[in-house]
Q: 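Take this structure first; my questions come after.
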Amino acid sequence: MTRDIAEVPAVEVIVTVAVNLMSAAAVKLGLTEEGDEHKDLDEARKLITALAGLLDAGVTEISSFHAAPLRDGLKSLQLAFREASLVPDEPGQGPGEKYTGPVYG
């Protein structure tokens, strides 16, 4: 049954969108059971950057209870992107790092 959007708290919408971005980025990084079948680093970069922007803008609107695991997931995706890249980005130039700062392993 579909809930009326007016009944959905903003925190739930933000977290749901973030989880969907994380899942899509993981697929594009080849981190699923299918592996490299759907791997596309250009697409992964876009998704990770969008996730970082959402978290940067929305973290003050959601509790640390929700924000902490999302930030951890984002960092994991950023590190996975760095590992998957044949030519790694300079520190601070990777996907979403303009929002998070440089990510190191």
Side-chain angles (χ1 to χ4, degrees):
M1 200 185 273
T2 304
R3 289 193 292 176
D4 183 11
I5 196 69
E7 297 175 17
V8 181
V11 170
E12 188 174 328
V13 173
I14 293 167
V15 170
T16 299
V17 170
V19 169
N20 285 330
L21 287 168
M22 292 173 86
S23 297
V27 169
K28 296 298 184 179
L29 286 170
L31 301 177
T32 60
E33 289 181 13
E34 293 84 20
D36 290 345
E37 183 180 336
H38 302 290
K39 189 173 183 176
D40 185 334
L41 294 184
D42 184 51
E43 290 288 303
R45 177 184 294 278
K46 293 171 187 171
L47 292 162
I48 295 168
T49 299
L51 174 62
L54 174 65
L55 294 182
D56 184 53
V59 75
T60 59
E61 305 300 327
I62 62 177
S63 67
S64 60
F65 174 80
H66 292 95
L70 294 174
R71 284 182 173 155
D72 290 344
L74 171 60
K75 183 176 181 180
S76 294
L77 290 169
Q78 289 171 311
L79 290 172
F81 183 92
R82 188 169 295 282
E83 288 179 17
S85 297
L86 295 177
V87 180
D89 296 314
E90 292 293 321
Q93 301 301 309
E97 291 183 10
K98 68 180 177 183
Y99 300 108
T100 64
V103 175
Y104 302 100

Q: Atom CG of Asp42 and atom CG of Leu47: how far apart are they, to the nearest 0.5 Å?
A: 10.0 Å
Q: Using modelled atom types and a 3.5 Å cut-off, is there a donor and acceptor pairing between side-chain atoms of Asn20 and backbone atoms of Thr16?
A: yes
Q: Hydrophobic clustering (ILVMFWY, side-chain heavy atoms < 4.5 Å, transitive) - are Ile48 and Val27 grouped together?
A: no
Q: Could you tell me the separation between the CD atom of Glu83 and the CG atom of Leu29, rounded to the nearest 0.5 Å?
A: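 The CD atom of Glu83 sits 10.0 Å away from the CG atom of Leu29.
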Q: How close do Ala44 and Ala25 get, counting heavy atoms only, and between which atoms?
A: CB-O, 4.3 Å
Q: Is the count of non-hydrogen atoms from other residues, nucleotides or ligands lying under 6.0 Å from Glu34 atom CD greater than 12?
A: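 Atom CD in Glu34 is packed in, count exceeds 12.
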Q: Taking all heavy atoms of His66 and all of Pro69, pick out the closest pair and write down the distance.
A: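 Heavy-atom minimum between the residues: O-CD, 3.4 Å.
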Q: At what distance, to the nearest 0.5 angstrom, does NZ of Lys28 lie from NZ of Lys39?
A: 13.0 Å
Q: Determine, stepwise, if the pair Ile62 / Leu70 fulfils side-chain contact (heavy atoms from CB on, under 4.5 Å).
A: CA-CA 11 Å; Ile62 62 177; Leu70 294 174; 4.1 Å; yes
Q: Identify each donor-acceptor pair in which a side-chain atom of residues 96-105 lies under 3.5 Å from a protein atom, sequence neighbours left out, and give them as a table.
A:
residue : atom : partner : partner atom : Å
Glu97   : OE1  : Gly92   : N            : 2.6
Glu97   : OE1  : Gln93   : N            : 3.3
Glu97   : OE1  : Gly94   : N            : 3.3
Glu97   : OE2  : Arg82   : NH2          : 2.8
Thr100  : OG1  : Gln78   : NE2          : 3.2
Thr100  : OG1  : Gly96   : O            : 3.4

Q: When you compare the side chain of Val11 with that of Ser63, does any pair of heavy atoms fall below 4.5 Å?
A: no
Q: Which atom pair, heavy atoms only, marks the closest approach of Thr49 to Pro95?
A: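 Minimum heavy-atom separation between Thr49 and Pro95: OG1-CA, 3.6 Å.
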Q: Under a 4.5 Å side-chain heavy-atom rule over Ile, Leu, Val, Met, Phe, Trp and Tyr, are Leu21 and Leu31 clustered together?
A: yes
Q: Taking a hydrophobic cluster as the set of Ile, Leu, Val, Met, Phe, Trp and Tyr residues connected by side-chain heavy atoms closer than 4.5 Å, whether directly or through intermediates, do Val19 and Val59 fall within one such cluster?
A: no
Q: When clusters are formed by joining ILVMFWY residues with side-chain heavy atoms under 4.5 Å apart, either directly or through shared neighbours, do Leu74 and Leu79 land in the same one?
A: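 No; Leu79 is not reachable from Leu74 via cluster members.
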Q: Looking at every non-hydrogen atom in both residues, tell me the closest pair between Leu55 and Ala18 and how far apart they are.
A: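 The answer is CD2-CB, 4.4 Å.
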Q: Quick check on the hydrophobic clustering: are Leu51 and Val15 connected, directly or via other members, by side-chain heavy-atom contacts under 4.5 Å?
A: yes
